[in-house]
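Below: one structure, written as structure tokens.
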Amino acid sequence: MTQAPQAPLASVFPAPTNGNSFSYTQEQSEYIDKLRKGSYDFQWLNDPRPTWGIRSKMKNPDRGLTLQDINNAYAGIPEDAPEYRTMAPRGAVHDPDVPDMGYQYNQKYQVWADNVVALYEEACARQWSATRDIPWDGLKTLPDDVERAVCQIATLLTEVEMIASDFPAKWLWQMNQHFHEVKMFLCTQAMDEARHLEVFRKRALANGGGLMRCLTGTEMFLKTILHAPTYIQGSFLMHVLGEGLVLDIFRSGEFLARTKTDQEIFRLCMQDEARHVSYGTMHLKYFLEHHPEREKAIAEMHQLAELAEMGIPGFLTNPFIIEPLAVLMGNGVDGIDKGMEAVRLVWVRMREEYLNRCELAGFDRRSVTKVPVEAPF
Ligand SMILES: [Fe+2]
Ligand SMILES: [Fe+2]
């Protein structure tokens, strides 16, 4: 049985001490006496509020009141290192003895990205339903080899998508609430990925196929992300590298999809995935630009990247990944050679897009990466 957290609760809600009847604290008793006499505290009403009178303006009334709008009006720029570790909203007045929430990430460079506020708004505006917004009735019976290829890819995606819910959820509570926009964005990412798991699981089970094979190598990569010792390391592995590769698959959706249903699945997932990759890339940039020991941080990230990049050739020489992709691109096993030509292009593009993301973050991997420019097959 779970033990109740006795000590913290007892300090907030003192246990009754007078037999079975409720005992009020001295402060509560005094306030109750005042209330009985019709006298109110009104401290909350009379406290001086130097920031009172704020009226956030909608930049675009058609869009509504955005986070950018309220940030423009008040307390919109987080401090680099907030003094308190509290859930009190940024810019609110709080008691000086508020408890320490135990946050581990209390510096802006450890979590921030300059595009995170806009990405949160976009995420909220573009939520969709895997039940309602996919034209499931557009599915049609496919040749067995093609359905197997779809289901193998759908199984892989069902397997990997949820890492991008688990990983942010693991770090979320450790981030200071002063950076609430980052936490809110990561909540949208967790929801996006739950929906991605849902949509690919549904796809695998909706058209006469089924769930197929999961591989140890994939699980090892997911474990590396989940158990990365720091947020930046896991974020690089997941947002910049792993989700970048998945985004490139979604971008190929037009060539992979054999039904309208599959096309819409890839299109909608691509929108979501692009946000996640965008946050990770801009977070890496912010991290490297603002780290107090910048040179050391860059050197450490290069060490990580050198190892992590081996994931690209690993991903693209895995028969359970590239053969189904080639079958889909070639429209059947008979067209696999033609499909493999497209996979070779995917190799070049995945490497290029990854290097571009690093470049955007001010992290030069292009001059040092060992990932071959072209596919070795
Ligand atoms: Fe995803
Ligand atoms: Fe994602």
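Just so it is clear, the values below take in all heavy atoms, side chains as well, and ignore hydrogens, waters and symmetry mates. Remember, it's 1-based here, ligands and their atoms both numbered in the order they're listed.
For the Fe ion (ligand 1), the set of nearby N, O or S atoms under 2.8 Å includes one belonging to His196. Distances from the Fe ion (ligand 1) show that Asp192 has no N/O/S atom below 2.8 Å. Here Glu243 reaches the Fe ion (ligand 2): one of its N/O/S atoms is less than 2.8 Å from the metal.
By the 4.0 Å N-to-carboxylate-O rule, Asp33 lies too far from Lys37 to be salt-bridged with it.
Atom CZ of Arg148 has 12 or fewer neighbouring heavy atoms from other residues, nucleotides or ligands inside a 6.0 Å radius.
Aromatic ring pairs are classed by plane angle as parallel below 30°, tilted from 30° to 60° and perpendicular above 60°; the pair Trp347 and Phe377 is perpendicular. Using a 30° and 60° split on the angle between ring planes, Phe200 and Phe250 fall in the parallel class, below 30°.
With rounding to the nearest 0.5 angstrom, the CD1 atom of Ile134 is 5.0 Å from the CG atom of Leu268.
Side-chain atoms of Arg294 come within 3.5 Å of backbone atoms of Leu288 as a donor-acceptor pair (strictly under, hydrogens ignored).
Sorting the N, O or S atoms of Glu161 by how far they are from the Fe ion (ligand 1) puts OE1 first. Residue Glu273 approaches the Fe ion (ligand 1) most closely through its N/O/S atom OE1. If you look at His276 and ask which of its N, O or S atoms sits nearest the Fe ion (ligand 2), the answer is ND1. Looking at Glu193 and the Fe ion (ligand 1) together, the shortest N, O or S contact belongs to OE1.
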